[in-house]
Q: 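Got a structure for you, questions after.
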Amino acid sequence: MGALQIGVHGIPAKVNRGTTITMVIWYRQTSKDNAYPVLDGLAVGTAANGTVNRAARGFTVSLQSPVTHRWEKMAYNGAFQDYEATSGVTFKVTPGYWEHLNVRLTLAANAPEGLVQIVPLPMEGLDLLGSKGQSVDGYLSVDYPIYYTQVK
């Protein structure tokens, strides 16, 4: 049916605890239909012994709503080990156009030092609608990129 392509701009190679970084998640979908996603967010984790532990301790994530343009704190979901938008905002994503989400990651003074993994998750789920507004069966394939920053 199509793919969801994702990239992030603004993740530094190194970051100090007690700071906030603002990043832009870029994405586009390549199906021929309009997508109406529900916002998701970001997975943030620390690397230890080659494995990832997505602990919420020391991190706060905020998202600027593409609809209201207000910043909102995202909730940590331990079951899925990610930060999720709480507003349930749905909006139209036109095929072939790059869209973006502004996200802030704040590292508290007690954030763990070391390598931190950041995985952008711009959509939790979506509906595909055809040119006449009819529901379309299908899905978007996606490969979520993984980014790293060193926290000191």
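Quick note: numbers below take in every heavy atom, side chains included, and nothing from hydrogens, waters or symmetry partners.
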Q: Quick one: pull up OH in Y27 and CG in L4 and give me the separation to the nearest 0.5 Å.
A: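 The OH atom of Y27 sits 8.5 Å away from the CG atom of L4.
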
Q: With side chains defined as the heavy atoms from C-beta onward, is the minimum distance between L128 and S135 less than 4.5 Å?
A: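 No, their side chains stay 4.5 Å or more apart.
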
Q: Would you say the side-chain atoms of Q64 pair up with the backbone N or O of H69, donor to acceptor, closer than 3.5 Å?
A: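 Looks like yes, one N/O pair under 3.5 Å.
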
Q: Run the side-chain donor-acceptor check on residues 5-14: report pairs under 3.5 Å with partners two or more places apart or on a different chain.
A:
from	atom 1	to	atom 2	distance (Å)
Q5	OE1	R28	NE	2.5
Q5	OE1	R28	NH2	3.2

Q: Quick one: are T149 and I118 in side-chain contact, heavy atoms under 4.5 Å?
A: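 Yes, their side chains come closer than 4.5 Å.
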
Q: Can you list every salt bridge (charged side-chain N to carboxylate O under 4.0 Å, His left out) pair that touches residues 133-151, not counting sequence neighbours?
A: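 Residue pairs passing salt bridge (charged side-chain N to carboxylate O under 4.0 Å, His left out), neighbours aside: none found.
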
Q: So do the side chains of L105 and T20 get within less than 4.5 Å of each other, counting heavy atoms only?
A: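 Side chain of L105 against side chain of T20, heavy atoms only: no contact under 4.5 Å found.
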
Q: Might you point out which heavy atoms bring A111 and G58 nearest each other, and give the distance in Å?
A: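 That closest heavy-atom pairing would be CB-O, 3.5 Å.
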
Q: Quick one: does any side-chain atom of T19 pair with a main-chain N or O of N16 as donor and acceptor, under 3.5 Å?
A: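 Yes.
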
Q: When Ile, Leu, Val, Met, Phe, Trp and Tyr are grouped by side-chain heavy atoms lying under 4.5 Å apart, directly or through other members, which residues fall in the same group as W98?
A: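 Noted: W98 shares its cluster with V24, W26.
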
Q: Looking at L129 and V136, what are the two nearest heavy atoms and their distance?
A: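 Shortest heavy-atom contact: C-CG2, 3.9 Å.
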
Q: Is it true that a side-chain atom of Q29 and a backbone atom of V93 form a donor plus acceptor pair closer than 3.5 Å?
A: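 Yes.
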
Q: Looking only at heavy atoms, what is the nearest atom pair of V119 and P145, with distance?
A: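 Taking every non-hydrogen atom into account, CG1-O, 3.7 Å.
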
Q: Evaluate the side-chain proximity of E72 to S62: yes if any heavy-atom separation is below 4.5 Å, no if none is.
A: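 Not touching, per the 4.5 Å side-chain cut-off.
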
Q: Quick one: does N34's side chain get under 4.5 Å of T94's, heavy atoms only?
A: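 Yes, side chains in contact.
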
Q: Taking the side chain as every heavy atom from C-beta outward, state whether L121 and Y144 have any pair of such atoms under 4.5 Å apart.
A: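 L121 reaches Y144 side chain to side chain.
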
Q: What heavy-atom pair brings V151 and P112 nearest, and what distance separates the two atoms?
A: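 Heavy atoms of V151 and P112 come nearest at CG1-O, 3.5 Å.
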
Q: Mind checking whether T30 and P95 have side chains closer than 4.5 Å, heavy atoms only?
A: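 No, every pair of side-chain atoms sits at 4.5 Å or beyond.
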
Q: W71: which residues meet the ring pair (Phe, Tyr, Trp, His ring centres under 6.0 Å) condition with it, sequence neighbours left out?
A: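 Ring pair (Phe, Tyr, Trp, His ring centres under 6.0 Å) list for W71, sorted by chain: empty.
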
Q: Could you list all the salt bridge (charged side-chain N to carboxylate O under 4.0 Å, His left out) pairs where at least one residue sits in residues 17-27, not counting sequence neighbours?
A: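 Every salt bridge (charged side-chain N to carboxylate O under 4.0 Å, His left out) pair that includes a residue of residues 17-27, provided the two are not neighbours, is R17-E113.
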
Q: Rounded at 0.5 Å granularity, tell me how far OH in Y148 sits from CD1 in I146.
A: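 Between atom OH of Y148 and atom CD1 of I146 there are 5.0 Å.
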
Q: For the side-chain contact (heavy atoms from CB on, under 4.5 Å) test, which of T60, L107, V116 pairs with V44?
A: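 That would be V116; it is the only one of T60, L107, V116 passing the side-chain contact (heavy atoms from CB on, under 4.5 Å) with V44.
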
Q: Using every non-hydrogen atom in the two residues, find where P120 and L42 come nearest and quote the distance to one decimal.
A: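 Residues P120 and L42, closest heavy atoms: CA-CD1, 3.8 Å.
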
Q: The criterion is side chain to side chain donor-acceptor pair (under 3.5 Å); which residues satisfy it with R104, sequence neighbours excluded?
A: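 Per chain and number, R104 pairs via side chain to side chain donor-acceptor pair (under 3.5 Å) with no residue.
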
